[in-house]
Amino acid sequence: MTQHVLLGRAFYARDAREVARDLLGAVLVRRLDGRRVSGRIVEVEAYRTTDDQAAHAHAGHTPRNAPMWEAPGHAYVYLVYGMYWLLNVVCEPQGTPAAVLIRALEPLEGQDVIAARRAGRSLLAWTSGPGKLTRALDISGAHNRLDLTVPNAALWIEAGERVPDAQVRTGPRIGLGKHVREPWLSMPWRWWIAENPHVSR
DNA sequence: ACGGAGATCTTCT
DNA sequence: GAAGATCTCCGTT
């Protein structure tokens, strides 16, 4: 019955894979025109650090990935394919450049706002992908480097009802086939809630 | 249902 | 100069 409990620095200051697992069921909240527009996190991916070949941090410190060196709980938002903003949350103790990608949401509050922003699409296409959900919640480069642990800002994450292990599924990450090789392929990097129709496909 | 291609532009080589 | 942590549309089956 916890309500509107903001996730703080300590939550994010852990191994990115633990944070990813625990973000399932949490609620991403966006304040738009004074209203709460939110979704339950149903799919995530972890990107570790310089030893993870698929991670941006693998290249070392660059202008783009600089936010990953901020304190845990900051947003790392970047543009892919010239068109889609992707939202990550910085994890691990500060100085270790790791992050979790928010891949899919189940719409909760402000569904009329989301529907308007995703006009012409069906409910299941509103937020079922990392590029879709940023459009649905109006998340962009303007939110890069934002501290998500600050109460009542533009964007933050609240604790939700914990998803039991029996409902958690894992698998390889999506969209980077040629980068991922052993031993990383044998480890869990993507988590989602079983049977949830808002998971990307 | 499934597959292929185009959109669009920043980043790093 | 090429590729990219994607999505949508259009074709065919």
Side-chain angles (χ1 to χ4, degrees), chain A residues 12 15-21 23-24 28 39 41-70 72 74-92 96-107 114-146 148 155 157 169-182 184-193 196-201:
Chain A
Y12 300 105
D15 185 290
R17 306 210 322 271
E18 289 180 44
V19 175
R21 161 64 179 86
L23 276 176
L24 289 179
L28 178 68
I41 297 173
V42 298
E43 182 186 359
V44 292
E45 280 179 0
Y47 287 86
R48 240 183 73 81
T49 169
T50 49
D51 60 359
D52 177 1
Q53 297 197 355
H56 288 175
H58 181 246
H61 193 287
T62 68
R64 178 175 66 166
N65 67 23
M68 284 202 277
W69 275 264
E70 296 279 356
H74 279 73
Y76 170 41
V77 185
Y78 74 95
L79 191 67
V80 266
Y81 301 111
M83 242 175 286
Y84 300 106
W85 294 104
L86 268 53
L87 171 66
N88 297 259
V89 191
V90 175
C91 301
E92 315 237 354
T96 302
V100 171
L101 170 68
I102 310 298
R103 284 196 59 90
L105 303 176
E106 175 180 332
I114 294 176
R117 294 192 54 82
R118 302 286 292 148
R121 284 131 186 120
S122 67
L123 166 67
L124 292 182
W126 286 354
T127 52
S128 55
K132 297 177 189 176
L133 72 90
T134 54
R135 290 203 167 172
L137 299 197
D138 193 22
I139 295 167
S140 72
H143 305 102
N144 193 25
R145 268 191 140 127
L146 191 69
L148 303 184
L155 187 68
I157 303 177
R169 298 289 178 272
T170 65
R173 291 174 291 198
I174 291 177
L176 22 108
K178 66 181 176 185
H179 289 289
V180 180
R181 14 188 198 268
E182 297 294 353
W184 305 105
L185 199 55
S186 62
M187 308 176 72
W189 290 107
R190 173 173 170 253
W191 290 257
W192 67 93
I193 297 178
N196 189 287
H198 299 274
V199 169
S200 71
R201 54 215 94 121

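In what follows, chains carry the letters A, B, and so on, assigned in the order in which the sequence lines appear, proteins first and then strands, with residues in each chain numbered from 1.
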Inter-nucleotide P distance (C:dA5, B:dG3), Å rounded: 23 Å
Per-nucleotide protein contact string for nucleotides 7-13 of chain C (B base, S sugar-phosphate only, - none; heavy atom under 4.0 Å): BS-----
Ring-face cation of A:R135 near A:W85 (centre distance under 6.0 Å, axis angle within 45°): no
CD1-OG1 distance between A:I41 and A:T127, expressed to the nearest 0.5 angstrom: 11.0 Å
Heavy-atom check, side chain of A:K132 versus side chain of A:S200, under 4.5 Å: no
Centroid under 5.5 Å and tilt under 30°, A:Y81 to C:dG4: no
Candidate nucleotides B:dC12, B:dT10, C:dT6, ranked by approach to the side chain of A:T62 - the nearest: B:dC12
Row check, A:W189 ring normal vs A:R173 NZ/CZ: under 6.0 Å, within 45°: yes
A:H56: ring-ring contact (aromatic ring centres under 6.0 Å, His included) partners, not counting sequence neighbours: A:Y76, A:Y78
Interatomic spacing from OG in A:S128 to CD in A:E106 - rounded to 0.5 Å: 11.5 Å
Intra- and inter-strand pairs of DNA chain B in dot-bracket (Watson-Crick or G-U wobble, both distances under 3.5 Å; | for another strand): |||||||.||||.
Heavy-atom side-chain contact between A:R190 and A:V199 under 4.5 Å: yes
